[in-house]
Amino acid sequence: MSLEAARQTAERVARDSYGRLLAYLAARTRDVAGAEDALAEAFASALQSWPSDGVPDNPDAWLLTVARRRQTDAVRRRQTRRAGEAHIQLMREELDDAALEEDSIPDRRLALMFACAHPAIEPGMRAPLILQTILGLTATDIAAAFLIPPATMGQRLVRAKARLREAGAAFAIPDRQDLAGRLDAVLEAIYAAYAKGWTQIGELAADRLAGEAIWLGQLVVTLAPDEPEAKGMLALMLYAEARRPARRDAHGAFVPLDAQDTALWDRAAIRTAESLLHAANRAGPTGRYQIEAAIQSAHVAGRLSGRPHWDAVVALYEVLLELTHSPVVVLNRAAALAETLGADAALASLDSLAADPRMADYQPYWATRGHLAARAGQRQDALEAFNIAVGLSTDEAERRYLIARRSALQDG
Amino acid sequence: MQFMLLIHGNERAMMEATPTDATGMTPDYAAFNMALVKAGAMVAGERLRPTADAASVRIRNGRTEVLDGPYADTKEQFGGFYIIEAPDFDAAMDWALQCPASRHGTIEVRPVVQS
Amino acid sequence: MQFMMLIHHDDDLLAAAPPSLWGDYAAFNQALAKAGGTSGLRLEHASKGRAVTQRNGTTELFDGPYMESKEQFAGYFMMDLPDIEQAVQWAARCPSAQYGTVEVRPIWPTRPQ
């Protein structure tokens with residue numbers, strides 16, 4: 001077997017089972033960084049021995065065995081009494097595990113995700129940590145998607161893993177009474193990764209991130225099939241993803257929802273989203289992601305049927321606002337209110353945000369203000385808001401769209 | 001007219017110069033600052049943290065790249081600046097000569113575009 | 001935390017920039033001002049600069065540009081932000097990121113005299 005073929009096999013295994021192997025290894029020692037090192041060494045050994053010895057029948061089990069040995073060695077090298085005890089414990093496990101067959105490597109990825117979304121980890125680092133441990137993305141790739149300097153992202157990941165160890169975070173699925181709250185943190189991290197990929201549509205790294213987030217969402221639904229919010233979040237991501245091909249015209253220009261060619265929507269993805277949402281609503285209480293998915297469902301139905309759906313959307317935003325008190329919801333509700341009560345009422349509903357310092361550099365706030373003010377005939381305010389929104393845009397297509405709206409207002 | 005004095009120097013050496021007075025500056029710089037202020041020439045001035053703390057962004061073909069460090073690796077690093085008011089370029093060069101960094105680095109003097 | 005945002009322009013790219021660049025810049029300035037940043041400072045081209053260095057009692061004067069490089073320092077903005085992440089966000093919004101490199105550097109606080 002050639003080195004190239006060995007590398008390809010190793011890469012395929014890496015993509016399929018990286019997170020599964022790492023979760024298993026990390027759960028043994030509660031040391032993510034150490035487990036990563038051990039797994040990296042196992043992959044390096046594979047590249048050395050597979051070309052001459054051939055790829056083993058069960059590459060996962062082979063990698064796991066090598067990585068476990070490395071982990072045990074590393075613990076032994078530390079030479080302390082506690083390490084000695086840990087070493088004996090690992091040896092015992094190793095004997096137990098020796099009986100493991102390929103299919104029976106326990107899937108501890110959900111437990112690893114819970115650890116990554118542990119309260120000791122700052123919320124902004126939970127998504128990067130999950131992307132690295134479950135998917136094996138490099139710090140450089142994650143940094144590019146999150147627009148963070150690579151060294152900064154690398155340092156933060158190292159710090160987060162150290163914190164996990166110090167906090168003694170359990171690599172376990174929380175008890176029933178804690179589950180919902182802790183699951184929220186996992187879902188929030190995955191959705192944050194998706195949102196990065198959604199807003200920065202021109203970015204290759206970010207496009208890929210959206211796909212990875214959906215993959216993670218599917219994983220959570222598979223591993224926690226009784227959790228309606230997990231289904232709600234996956235549905236929400238799929239509704240958005242289904243519309244991705246329609247968000248740009250042939251010239252790469254931005255197309256808003258109400259002008260999108262619905263023939264370009266991915267109907268299969270929409271059907272999957274609908275059935276997930278249906279299952280979620282049937283199975284459990286209504287949470288944030290289920291409501292957001294229901295709003296997307298209403299938008300899709302409204303566009304496809306041509307029947308007005310805005311009253312339902314406004315009502316859903318009211319429920320969501322009650323639940324989250326989020327300024328983003330206030331903003332989205334305003335856009336819906338413009339369709340039911342008119343632009344003046346919609347603008348008035350934004351008054352509560354005007355003094356919020358977080359809005360100063362929040363592009364969607366100024367874009368929404370611009371659209372609403374233009375509809376309300378407040379030309380000066382609309383021009384100013386559009387101008388600020390243009391200045392805050394990082395996406396070229398969206399910038400051009402806003403500039404066109406601004407020009408239309410100036411000429412009109 | 002306004003001019004920018006850009007201080008380029010070996011940042012490691014600049015780091016090793018221990019600040020000794022209450023302003024957090026070396027006495028040389030404190031004296032230079034005082035002179036600028038007294039002459040009514042001081043508009044602004046800042047010292048930068050080392051280039052290791054920098055990040056750079058460039059966008060090409062719609063792709064945003066974020067890099068660690070400054071945009072270029074150079075023998076001397078940009079470490080701080082002054083904005084000064086001076087009647088002409090020669091007067092600005094006189095200030096540059098008095099700037100302590102001219103003795104171990106290079107002072108670049110650039111006219112500011114009048115708005 | 002104070003940050004300096006340094007603009008480095010590639011003359012060739014800048015010469016080919018569409019006229020809309022200056023409109024984009026006006027919008028960027030307004031957005032930055034709204035968020036509490038200072039308006040920027042533009043410099044005359046690097047070739048119009050001079051430089052001075054003194055060693056062992058000898059003074060050397062040069063005519064610009066100080067550095068022979070594809071991209072030249074062209075101006076800067078100052079911003080007060082919670083962390084470098086926010087600074088990088090602003091750098092990505094800066095129209096010059098498409099015609100050169102936008103660098104962000106944290107300022108070293110010195111106490112007022």
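The sequence lines fix the lettering, A, B, ..., with proteins before strands; numbering per chain opens at 1. All of these numbers come straight from a predicted model, not from anything done at the bench.
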Does any backbone or side-chain atom of [X] lie under 4.5 Å from a heavy atom of chain C? Answer side chain, backbone, both or neither.
X	answer
F3(B)	neither
T51(B)	both
L6(B)	side chain
L67(B)	neither
V109(B)	both

By a 4.5 Å heavy-atom criterion (distance strictly below it), what part of [X] contacts chain B: side chain, backbone, both, or neither?
X	value
E71(C)	both
M67(C)	side chain
L43(C)	both
T101(C)	both
I84(C)	side chain
A46(C)	both

Item to complete: Begin with the C-alpha distance, continue with both residues' side-chain angles, and end with the deciding distance and a verdict on side-chain contact (heavy atoms from CB on, under 4.5 Å) for Y66(C) and E76(B).
Response: CA-CA 11 Å; Y66(C) 157 74; E76(B) 293 184 322; 2.8 Å; yes

Discussion item. Checking Y76(C) against E46(B): is there a side-chain donor and acceptor pair closer than 3.5 Å?
Written reply: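 Short answer, no.
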
Practice prompt. Heavy-atom pairs under 4.5 Å with chain B are the metric here; pick the option from C94(C), A97(C), G49(C) that has the most.
Written response: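 Of the options given, most contacts go to A97(C).
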
Worksheet item: Between atom CD1 of I107(C) and atom CG of L48(B), what is the distance when rounded to the nearest 0.5 Å?
Response: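 Between atom CD1 of I107(C) and atom CG of L48(B) there are 4.5 Å.
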
Fill in: Rounded distance (nearest 0.5 Å) linking atom CZ of R103(B) with atom CG of N56(C)
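R103(B) atom CZ to N56(C) atom CG measures 12.5 Å (nearest 0.5 Å).
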
Worksheet item: Is the closest side-chain heavy-atom distance between T106(B) and V52(C) below 4.5 Å?
Response: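 A side-chain contact under 4.5 Å is absent here.
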
Practice prompt. Please tell me if the side chains of F81(B) and M4(C) come closer than 4.5 Å, counting only heavy atoms from C-beta onward.
Written response: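 The answer is yes; the side chains approach within 4.5 Å.
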
Fill in: For chain C, the option from A101(B), P50(B), G80(B) that forms the most heavy-atom pairs under 4.5 Å
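Among A101(B), P50(B), G80(B), the one with the most close pairs to chain C is P50(B).
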
Discussion item. Is there a side-chain contact (heavy atoms from CB on, under 4.5 Å) between R42(C) and V112(B)? Walk through the geometry before answering.
Written reply: CA-CA 6 Å; R42(C) 254 175 78 205; V112(B) 171; over 6 Å; no

Fill in: Geometric cation-pi criterion, R50(C) with F89(B): 6.0 Å, 45°
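Yes, R50(C) sits over the ring of F89(B).
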
Worksheet item: Taking the side chain from R58(B) and the backbone from A92(C), do they hold a donor-acceptor pair closer than 3.5 Å?
Response: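 Judged by distance alone, no pair lies under 3.5 Å.
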
Worksheet entry | D88(B), CG atom: more than 12 neighbouring heavy atoms under 6.0 Å |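 More than 12 within 6.0 Å, yes.
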
Worksheet item: Should we say atom CZ of R60(B) is surrounded by more than 12 heavy atoms from elsewhere, each under 6.0 Å from it?
Response: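 Yes, enclosed.
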
